[in-house]
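Please see the structure below; I have some questions.
If you're wondering where the values come from, they're calculated on a predicted model, not measured in any experiment.
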Amino acid sequence: MALDSVEDTYPLMDSNDSELDTEAPKKELLVPGQEEEDGDEPSIVLLTEKPGNIEQMLRETLESVLQDMFPPAEEETPSTEENNRRPPWAMMPTGTENLPPLLFKKLLQQPTEAMSDLFDTVKKASQSTRATMAVSDVGTVRQVGDGVASLWGLPQARVDDLLQFRTGVMGLVMNLETRWIDCILLGSDEGIQGGDMVRSTGQRITVPVGERLLGRVVDPLGRPVDDRGRLFVDEQRFVEREAPGVVERAAVDTPLHTGIKAVDAIIPIGRGQRELIIGDRQTGKTSLALDAIINQRDTDVLCVYVSIGQRKSSTLQVLQLLREAGALDHTVVVMASPDDPPALVYLAPYTGCTIAEAFMDRGRDVLIIYDDLTKHADAYRELSLLLRRPPGREAYPGDIFYLHSRLLERAGHVRNELGGGSITALPIVETRRGNIQAYIPTNLISITDGQIYLSPDLFNQGIKPAIDVGLSVSRVGGAAQTSVMRKESGRFKLALAQYEEVAHFARFGTEIDQATRQQIVRGERLREALKQPAYSPLSLAQQVLILYAADRGALDGLPLDRIAEYEARLWQYAQREHRSVVRRIEQHWDLDDDLAQDLDQLIAKFSAEFN
C-alpha cells in the first residue's frame, strides 16, 4: 500500500482531529528496518524534527512496518481502488482474525495515548517479574553399552541419584570414580552415543504405592503393563528404605496358614517371618508359593508376587491361575522379564517390597513372594562385572550378601504403636543338583528364619509337595502355630521322624520286629496323607481332620492308593454330619478334651462306614 494513497483518502489528523500540516520543511533521517523491493539497501522513511508531526512519524512508520510484516494474501487482496478506500486496520492479514482490530486502530489514530498505555503495561509486568538463575548439574557420556553408561562431569552426583539422558531414558548412579561416574540404564540404550549431554535430576527413584495397585501388573518402575489403563495413585515412595529397627518390631505370634498340610503342620509360618523356599528346578517351588497366595483370598492378608527374570509365558500362567482362583483381586504382581534391562531385574524385588511396606504401614498384613532371588543375584553379578567391580566367589561381587540382607530385613512384624502390620517374605532360591551349600543358598539360609527344602528325589517318587522334613525347619513359626495344630503336629512329627530313621534299614532287607514294622506302616500312611495336589489349599479344619485320623491309626488298615479317597469323603462326612465340630476347630483353634473326644467319635463312625 502506498503512503500517498492513504494520505489522499484519509487526511492525517492529530489528537484534536485537526488536519496536520504536511507541507512543512522536513529533514531526512535514516531509519533502518525497511528494505526496497529491488535491492538490499535499507529504505528511507521521512521523519521530521518538527514536534507537531510526531504522530505522523509514528503513523507512517507503523503503517510501513505492518505492511511489511503482514502482507495480504494475493487471492484475498482487493483492487487498488478498493485499497485506497480501506483503512490499514481493516486490512488485517489471514491468521490474525483473533487479534483485536481496535489495537491497530488506536495505534494509528492515537499513537501517543496507545504508546503510553503500552509502556505502562510493560512497566507493571516488569515490576512483577523477577530474574532467576537455574543451575543444573550436567555431564557427557563417556561410553555406553550393555545397559551401563560411564559419564564425565556431574560433580554433585550421589549414589542412587536419577540421571536423564537425551533420549529420555533414566539412569541410576552406581559407581563414583575419581574422574567419572557409572550408572545403570533403566531402559534401552538405543540412541545414546558418546558425547551426549546427561542431566542430573537431583532425585531418587520412586514407585507408586497404595490399594489401587491391587489386581494390577506393573514393571519395576511402577508402570502398568496389563493393558488396563493408567494408574492413579496418591502416594509415591522411595525404592530404597531402611529396615525397621529392633525396638520397632514385635514378636511373631500370629499364624499364616498356607493351606499346605506339610507346611502348616511341620514347618509353620507366622506373620512377619522370612521363610526360604529352596530346591532344584521343576520341583514345585512356585506352586507352593502360589498355594499360599490362593489360601489368603478369604482373609485380610494382601499379597505381592514379584516375578524376577521369569519367562513371560510363565508369568502369564501365574496370572491366569490367580485369576481363576479368585486371588488376583488381593494381589499386586511386579514383573521383570528376561528381555528387560538388567537394571530392572535388579530393582524388581525392592519395588515389590516398597509396595508391601506401604500396606504394612497402614496396619495391614502382607505376604510377598520373591520368585526367584537366584536370577536377581545373577542380574546383579552381570551389572557389577560391567561396572568393573572386583569379582569374588563364583564371580559375585563382595556385597552380594548385603544385596539380599537389606531386602529381607525389611520384612517383619511391627509394634501396635506403629500400626501392627507385618510383611511375611517367602523368597525362592534355585539349587543345582540338590547342592544347598552353594554361595547364594547358604547366604539366604543364614538371613532367613528357616527354609523349606524341596527334594528332587521325593518329587521323582511322586511325593508332592516334595518337602524334605529332615532338611526343612522353621525357627520362629512354632510360636505362632495354632493350639490345635501344635498339639496334633507334635505327635505327627515324632512319628514321621521315627519312620525316616527305620525306613533305611528296611531297604536292605534287614529283619525287623513287629514294632518296627508297625512304625514303617504308620510312617508310609503319614507320608501319603501329606500328599496334596497343587493349587488346592486346604482349610485348617480339613488339615486337622486328616492328620488326626492318620496319627490315631485310622489309616493303618487302608491301602495307600485309597487314602486320598478317604480324606475327601471324611471332609464331606464332617460337613454333613458334624458341622459343629468343624466350626469349633475353625473358630477356637484349640484342641481340648471335649473336642478330642468328638473327633474320636467322628473318625470311628466314618471309618466303620468307609470300610
Side-chain angles (χ1 to χ4, degrees), residues 214-215 252-277 284-306 317-333 352 356 359-360 364-371 411 413 421-428 450 452 454 464-467 472 474 477-478 480-482 484-486 488-489 529-547 564 567-568 571 574-575 582-583 585-587 589:
L214 294 175
V252 177
D253 55 4
T254 305
L256 180 82
H257 295 130
T258 63
I260 303 172
K261 292 175 286 187
V263 174
D264 292 342
I266 304 175
I267 320 159
I269 300 174
R271 298 186 182 183
Q273 183 176 346
R274 301 158 299 177
E275 187 77 6
L276 180 66
I277 302 176
K285 302 185 298 297
T286 302
S287 300
L288 192 148
L290 293 180
D291 278 334
I293 293 179
I294 296 173
N295 199 53
Q296 312 307 318
R297 58 191 169 192
D298 296 327
T299 66
D300 60 346
V301 178
L302 304 178
C303 302
V304 179
Y305 177 79
V306 185
Q317 292 177 0
V318 170
L319 291 174
Q320 184 65 23
L321 175 66
L322 294 177
R323 188 177 293 109
E324 293 176 353
L328 189 59
D329 293 337
H330 69 271
T331 305
V332 182
V333 179
F359 294 131
M360 180 185 70
R364 305 296 298 271
D365 295 316
V366 188
L367 170 65
I368 184 168
I369 310 295
Y370 300 112
D371 189 12
H413 180 206
S422 68
I423 295 179
T424 305
L426 296 183
I428 298 175
I452 301 173
L454 302 178
K464 302 175 184 179
I467 298 177
S472 302
S474 178
Q481 198 173 23
T482 58
V484 60
M485 185 63 78
R486 186 186 304 112
E488 186 54 39
S489 63
L530 291 178
K531 288 184 179 180
Q532 187 174 337
Y535 316 125
S536 301
L538 304 178
S539 65
L540 178 63
Q542 287 178 277
Q543 299 180 45
V544 170
L545 280 176
I546 187 61
L547 296 180
E567 179 181 355
W571 175 242
Q575 286 187 307
V582 175
R583 190 181 303 109
I585 296 175
E586 293 177 345
Q587 294 180 355
W589 293 0

Task: Presence of salt bridge, D300 and R271, under 4.0 angstrom - done: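 So R271 pairs with D300 through a salt bridge.
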Open item on the list: For a quick test of reading the model, state the closest non-hydrogen atom pair linking I368 to A356 and the distance between them.
Closed with: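 Smallest interatomic distance, heavy atoms only, reads CD1-CB, 4.4 Å.
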Open item on the list: With a 4.5 Å cut-off on side-chain heavy atoms, are M485 and L547 touching?
Closed with: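 Yes, close enough: below the 4.5 Å cut-off.
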TODO: Drop me the distance from I428's CD1 to Y370's OH, to the nearest 0.5 angstrom.
DONE: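 Spacing of CD1 (I428) from OH (Y370) equals 12.0 Å.
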Open item on the list: Would you say that D253 contacts H413 through its side chain, given a criterion of any heavy-atom pair below 4.5 Å between the two side chains?
Closed with: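 Result yes, sub-4.5 Å side-chain heavy-atom pair found.
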Open item on the list: Counting C-beta onward and ignoring hydrogens, is there a side-chain heavy-atom pair between L322 and I294 closer than 4.5 Å?
Closed with: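 Yes; the side chains approach each other to less than 4.5 Å.
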TODO: Taking atom types as modelled, find out whether Q575 and W571 have a side-chain donor-acceptor pair closer than 3.5 angstrom.
DONE: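 Indeed, the side chains of Q575 and W571 share at least one donor-acceptor pair under 3.5 Å.
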Open item on the list: For the backbone of K531 and the side chain of K261, can you confirm whether one donor and one acceptor N or O come within less than 3.5 Å of each other?
Closed with: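 Between the backbone of K531 and the side chain of K261 there is a qualifying donor-acceptor contact (under 3.5 Å).
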Open item on the list: Any non-hydrogen side-chain atom of L319 less than 4.5 Å from a side-chain atom of Y305?
Closed with: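 L319 vs Y305: side chains apart.
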Task: Close side-chain approach of I467 to I266, heavy-atom, < 4.5 Å - done: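 SC-SC contact between I467 and I266 ruled out.
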Task: Taking every non-hydrogen atom, the tightest pair across G352 and V304 - done: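 Closest heavy-atom pair between G352 and V304: O-CG1, 3.9 Å.
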Open item on the list: Let me confirm one number: the CD1-OG distance from I267 to S472, rounded to the nearest 0.5 Å.
Closed with: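 So the CD1 of I267 and the OG of S472 are separated by 4.0 Å.
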Open item on the list: So, taking the atom named CD in Q587 and the one named CG in L540, what distance separates them when rounded to the nearest 0.5 Å?
Closed with: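 Going from CD on Q587 over to CG on L540, the span is 12.0 Å.
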Open item on the list: Checking T258 against D264 for the side-chain hydrogen bond (donor to acceptor under 3.5 Å, both in side chains) test, could you report, in this order, the C-alpha distance in whole Å, the side-chain angles of both residues, the deciding distance, and whether it holds?
Closed with: CA-CA 7 Å; T258 63; D264 292 342; 3.0 Å; yes
TODO: May I ask you to decide if V544's main-chain N or O and E488's side chain share a donor-acceptor pair within less than 3.5 Å?
DONE: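 No, because the side chain of E488 does not come within donor-acceptor range (under 3.5 Å) of the backbone of V544.
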Open item on the list: For S536, is there any backbone N or O sitting under 3.5 Å from a side-chain donor or acceptor partner on Q532?
Closed with: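 Confirmed, Q532 side chain pairs with S536 backbone.
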TODO: Quick one: closest heavy-atom pair of A574 and L545, and the distance?
DONE: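 Result for this residue pair: CB-CD1, 3.6 Å.
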Task: Side chain Q296, main chain L302, donor-acceptor under 3.5 Å - done: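 Between the backbone of L302 and the side chain of Q296 there is no qualifying donor-acceptor contact (under 3.5 Å).
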Open item on the list: Donor-acceptor check, side chain of D365 to backbone of G421, threshold 3.5 angstrom: yes or no?
Closed with: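 No, D365 side chain to G421 backbone: no donor-acceptor pair under 3.5 Å.
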Task: T424 vs E275 side-chain heavy atoms within contact, under 4.5 Å - done: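 The answer is no, as the side chains (C-beta and beyond) never meet within the 4.5 Å cut-off.
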TODO: Indicate yes or no for a side-chain donor-acceptor contact from S474 to the backbone of I269 under 3.5 Å, with no hydrogens or angles considered.
DONE: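 Pair absent, no side-chain N/O of S474 close to backbone of I269.
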Open item on the list: When you compare the side chain of F359 with that of L214, does any pair of heavy atoms fall below 4.5 Å?
Closed with: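 L214 vs F359: side chains touch.
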Task: Spacing of CD1 belonging to I293 relative to CD1 belonging to I369, to within rounding of 0.5 Å - done: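 One finds 5.0 Å between CD1 of I293 and CD1 of I369.
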Open item on the list: Quick check: closest heavy atoms across S539 and E586, and the distance to 0.1 Å?
Closed with: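 Closest heavy-atom pair between S539 and E586: OG-OE2, 4.1 Å.
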- [ ] Any chance you could measure Y535, atom OH, to L288, atom CG, to the nearest 0.5 Å?
- [x]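 Going from OH on Y535 over to CG on L288, the span is 10.5 Å.
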TODO: Quick one: closest heavy-atom pair of A411 and I423, and the distance?
DONE: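 Shortest heavy-atom contact: CB-O, 3.5 Å.
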- [ ] Determine the minimum heavy-atom distance between A541 and I585, stating which atoms define it.
- [x]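 Smallest interatomic distance, heavy atoms only, reads CA-CG2, 3.8 Å.
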TODO: Quick one: pull up CD in Q320 and CG in L328 and give me the separation to the nearest 0.5 Å.
DONE: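 One gets 9.5 Å once the value is rounded to the nearest 0.5 Å.
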- [ ] Without swapping roles, check the side chain of K285 against the backbone of L454 for a donor-acceptor pair under 3.5 Å.
- [x]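 Such a contact is absent between K285 side chain and L454 backbone.
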Task: Student check: side-chain heavy atoms of T299 and H257 closer than 4.5 Å - done: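 They are not in contact (no side-chain heavy atoms under 4.5 Å apart), so the answer is no.
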